[in-house]
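Beneath this line is the structure, given in structure tokens, with notes to follow.
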Amino acid sequence: EPEVTQTPSHQVTQMGQEVILRCVPISNHLYFYWYRQILGQKVEFLVSFYNNEISEKSEIFDDQFSVERPDGSNFTLKIRSTKLEDSAMYFCASTAPSPGEQYFGPGTRLTVT
Amino acid sequence: AQSVTQLDSHVSVSEGTPVLLRCNYSSSYSPSLFWYVQHPNKGLQLLLKYTSAATLVKGINGFEAEFKKSETSFHLTKPSAHMSDAAEYFCVVREDDKIIFGKGTRLHILP
């Protein structure tokens, strides 16, 4: 069964540092997403990406965040200058064209100290 | 505009009794609807999905959900709860590439 993979599984960084979270979506999927989940809270949408550009973003996705699909397989989330409140589990997801479901990666736990 | 409302943030049932997790949605036209489960410290797992075929959808682990267009509901049920069902459950609506999560319902199973 195809699956979405994410690396690393856990990232610890100091406040102010840049981090890049990596995702490999399912190969024939066209839509890509990042979500975050702060410990004990709900899953929050960050951004969706289609046809090499952002199709939608939430108010959480401010200028410190960026996404990129640098090659045909990876989909990355960059946080430019991390803050303590960025500590969360970050999930990547991909979908085939509607109406299929999202396939989620296992998540990257980001801890900002 | 799309929205998803999970009516209960917490539900507690005794082991062996039925489970009902409620979800209402709003959508411009017939959406795709999903239920995901998240066990503690785990990722999101698809339980079941509705994509305009049969309105009663069966999923994994004995769960099922019924799409009721007249009530704009997609409630999740299971006839008999098991301790391993204790988790967070998310109702999700998809319309084209726009996907909205409900706030989640935490299911507690009492021994």
Side-chain angles (χ1 to χ4, degrees), chain A residues 1-10 21 23 25-26 29-58 60 67 75 88-109 111, chain B residues 1-10 21 23 25 27-55 57 59-60 63 65 67 74 87-107:
Chain A
E1 168 130 8
E3 59 180 16
V4 177
T5 59
Q6 289 185 245
T7 55
S9 56
H10 192 187
L21 309 183
C23 169
I26 294 171
H29 284 183
L30 301 177
Y31 300 87
F32 314 111
Y33 305 81
W34 282 102
Y35 295 85
R36 81 172 184 191
Q37 186 180 33
I38 295 170
L39 187 64
Q41 298 187 25
K42 67 184 179 78
V43 176
E44 299 175 292
F45 167 76
L46 290 178
V47 66
S48 60
F49 192 86
Y50 172 70
N51 201 25
N52 283 321
E53 61 182 25
I54 291 173
S55 51
E56 188 155 359
K57 60 182 181 179
S58 71
I60 302 168
V67 289
F75 179 52
M89 182 74 92
Y90 288 81
F91 293 104
C92 172
S94 69
T95 66
S98 187
E101 70 269 28
Q102 284 186 308
Y103 289 78
F104 284 86
T108 293
R109 181 167 294 286
T111 302
Chain B
Q2 292 168 305
S3 69
V4 180
T5 303
Q6 289 185 245
L7 295 149
D8 307 293
S9 57
H10 292 265
L21 305 183
C23 173
Y25 71 93
S27 177
S28 303
Y29 51 90
S30 291
S32 300
L33 295 159
F34 311 89
W35 276 97
Y36 285 86
V37 61
Q38 185 181 32
H39 288 92
N41 300 313
K42 300 286 186 184
L44 291 152
Q45 180 184 20
L46 180 70
L47 270 181
L48 50 79
K49 61 182 177 182
Y50 167 77
T51 56
S52 76
T55 56
V57 181
I60 61 171
F63 284 94
F67 173 69
F74 190 58
E88 186 94 16
Y89 291 79
F90 295 95
C91 182
V92 177
V93 61
R94 178 180 183 180
E95 201 175 279
D96 297 326
D97 67 337
K98 192 172 177 68
I99 296 173
I100 303 293
F101 270 73
K103 292 186 177 181
T105 299
R106 183 163 294 278
L107 177 63

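Quick note on labels: first sequence line is chain A, next is B, and so on, each numbered from 1. On a predicted model such as this, the values are computed, not experimentally measured, just so you know.
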Open item on the list: If the test is ring pair (Phe, Tyr, Trp, His ring centres under 6.0 Å), which one of Y35(A), Y33(A), F45(A), F91(A) qualifies with F101(B)?
Closed with: Y35(A)
- [ ] Please flag which part of L46(B) lies under 4.5 Å from any non-hydrogen atom of chain A: side chain, backbone, both or neither.
- [x] side chain
Open item on the list: Quick check on E88(B) against chain A: is it the side chain, the backbone, both or neither that has a heavy atom closer than 4.5 Å?
Closed with: neither
Task: Flag side-chain contact, heavy atom, 4.5 Å: Q38(B) against F104(A) - done: no
- [ ] Please tell me if the side chains of L44(B) and Q102(A) come closer than 4.5 Å, counting only heavy atoms from C-beta onward.
- [x] no
Open item on the list: Heavy-atom cut-off 4.5 Å, strictly under: side chain, backbone, both or neither for Q37(A) against chain B?
Closed with: side chain
Task: Neighbour count above 12 (heavy atom, 6.0 Å) for I60(B) CD1 - done: yes
Task: Contact summary for Y36(B) and E101(A), nearest pair of heavy atoms - done: OH-CB, 3.7 Å
